[in-house]
Amino acid sequence: MNQPKIIQEIQDNIEAVISQDSPLGRSLWRMLLEQHPADVASLISELDRDQAQHLFLMLPKEFRTEVFKISSFHMQATCLNFLSEHEKAEMLYSLGVDDLADLFDHVSDSDLKKYLNLLHRKAREKVISLLQFDPESAGGIMETEVLTLMQDFTVEKSIKMLQRLKPRKEIHHQIYVTNRQHQLMGYVSLEDLVLNPPETRISSFLNKNELIVHVDQDREEVAKQMMRYELTSAPVVGDENYFLGVIPSETLIDILVQEATEDVQKMSALTPMKQAYFQTSFFRLLYNRAYILIGLLVAESFSGTILRAYEETLCGILMFFIPMLISTGGNTSGQTSAVVIQGMATGEIHAGTIRKFLKRELLTALALSIILGIAAFLRVYFTYHSLAESFAISCSVALVVLFAVSLGSFIPILLKRLNIDPAFSAGPFLATLMDILGILVYCYVAKLILS
């Protein structure tokens, strides 16, 4: 029996072939599997929807794929609706890029978006399923529903796809491009698509990404890099350069606001609050503030212990200038730590510039200690006309300023190396440290000079 007659007989007895509840049905089924995929595709296209679905799903996996590849685009779009999400992805991967682009012309806009996500999901799930993203990492804040183009798409197909899906305007600045394995290859802009001939493959005019963010990278570091390169979006990749998502401009703004808020709270010796002020319970606010203040209070009490030990030394006019000394130390250290924390936040101070920064701050410390030491000497001498006391206070102020600038510069850098937020070094913590150290220096220098 020739092939057209076999196909016609199968079509005439399609219910028996599908149910295979008779010798005829089973015999025709075996004959069907021996036919060319093109003939089977033609047969399925002539059946009603339910019969086509049953017969298509009954086909062995490899044979079904061959039938799908050779079917018309309209039939392919219909057959995709019969399959599970995983099977749809496999079918789409079986098509060449040109056939894939042509198929997309025959599906609805909603299906187009869904199929594009399916194409990327196989590669994306390979990475995402193995990772538990930290909320503070790029993976924890990235947007995964992102339109990407394949590097072998033509300009014409790419533009048609964009017109149909109507992505958000900000995506026009950088439309990310991947290969079939969903590895990031670069990006194109809308201007690139407009200015190149319709038949041109977009792989021929790809732009190199100025910044590629790894999924485990800290979100604050990502924000700094995006600001440095003046980017409105940044692609996020996993291992082997798999494209996973994008950090858009609105997320960048959210990061900057959140990080700035946390830094202000840390610099004020507060544990960063996860919720807004009025959404946080009164007792949680009270606890967050009280336990730190108690700790600082106990630490500050050591200043009294030092003063009691040097009570005889600090008699007379020396006692009057203790507030001036400790406030100078606190003000200087706070000023210095603000400079270094701001420099780190903007990326100006990093591993490559730390040595240069410390040298410059050491020079600043020496200059400030001399200037403030002279100012203190003149203040005390012209008030009390006591040379020895004026010299003791002047030397103490100079040393306190020297220590304040040095510690204000070094401690934030040390905390950064220990993966602790440098903002913790500012505010009450550093001020309390300088109060204790300032009193100790003052008492020791006064005793040394005046004894």
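All values derive from a computational prediction rather than experimental measurement. Starting from 1, each residue takes its place in the sequence as its number.
- For F320, the side chain to side chain contact (heavy atoms under 4.5 Å, CB included) partners two or more places apart in sequence, or in a different chain, are I317, Y384.
- Looking only at distances, no side-chain donor or acceptor of R201 sits under 3.5 Å from a matching main-chain atom of Q151.
- Scanning for side chain to side chain contact (heavy atoms under 4.5 Å, CB included) contacts around A398 gives S369, with sequence neighbours left out.
- Residues meeting the salt bridge (Lys or Arg N to Asp or Glu O under 4.0 Å) test with E156, sequence neighbours left out: K160.
- Annotation: side-chain hydrogen bond (donor to acceptor under 3.5 Å, both in side chains) contacts of H74 (sequence neighbours excluded): none.
- For residues 355-378, the set of pairs meeting the salt bridge (Lys or Arg N to Asp or Glu O under 4.0 Å) definition, not counting sequence neighbours, is empty.
- Residues passing the side-chain hydrogen bond (donor to acceptor under 3.5 Å, both in side chains) test with T364, sequence neighbours excluded: none.
- Among residues two or more places apart in sequence or in another chain, the side chain to side chain contact (heavy atoms under 4.5 Å, CB included) test is passed with S71 by A41, V67, M75, Q76.
- Qualifying side chain to side chain contact (heavy atoms under 4.5 Å, CB included) partners for L184, counting only residues two or more places apart in sequence or in other chains: Y176, N209, I212, P235, V237, N241, F243.
- In this structure F377 satisfies the ring-ring contact (aromatic ring centres under 6.0 Å, His included) test together with Y381, sequence neighbours excluded.
- With sequence neighbours excluded, the residues forming a side-chain hydrogen bond (donor to acceptor under 3.5 Å, both in side chains) with S84 are E87, listed by chain and number.
- For D192, the side-chain hydrogen bond (donor to acceptor under 3.5 Å, both in side chains) test picks out S189, N207, with sequence neighbours left out.
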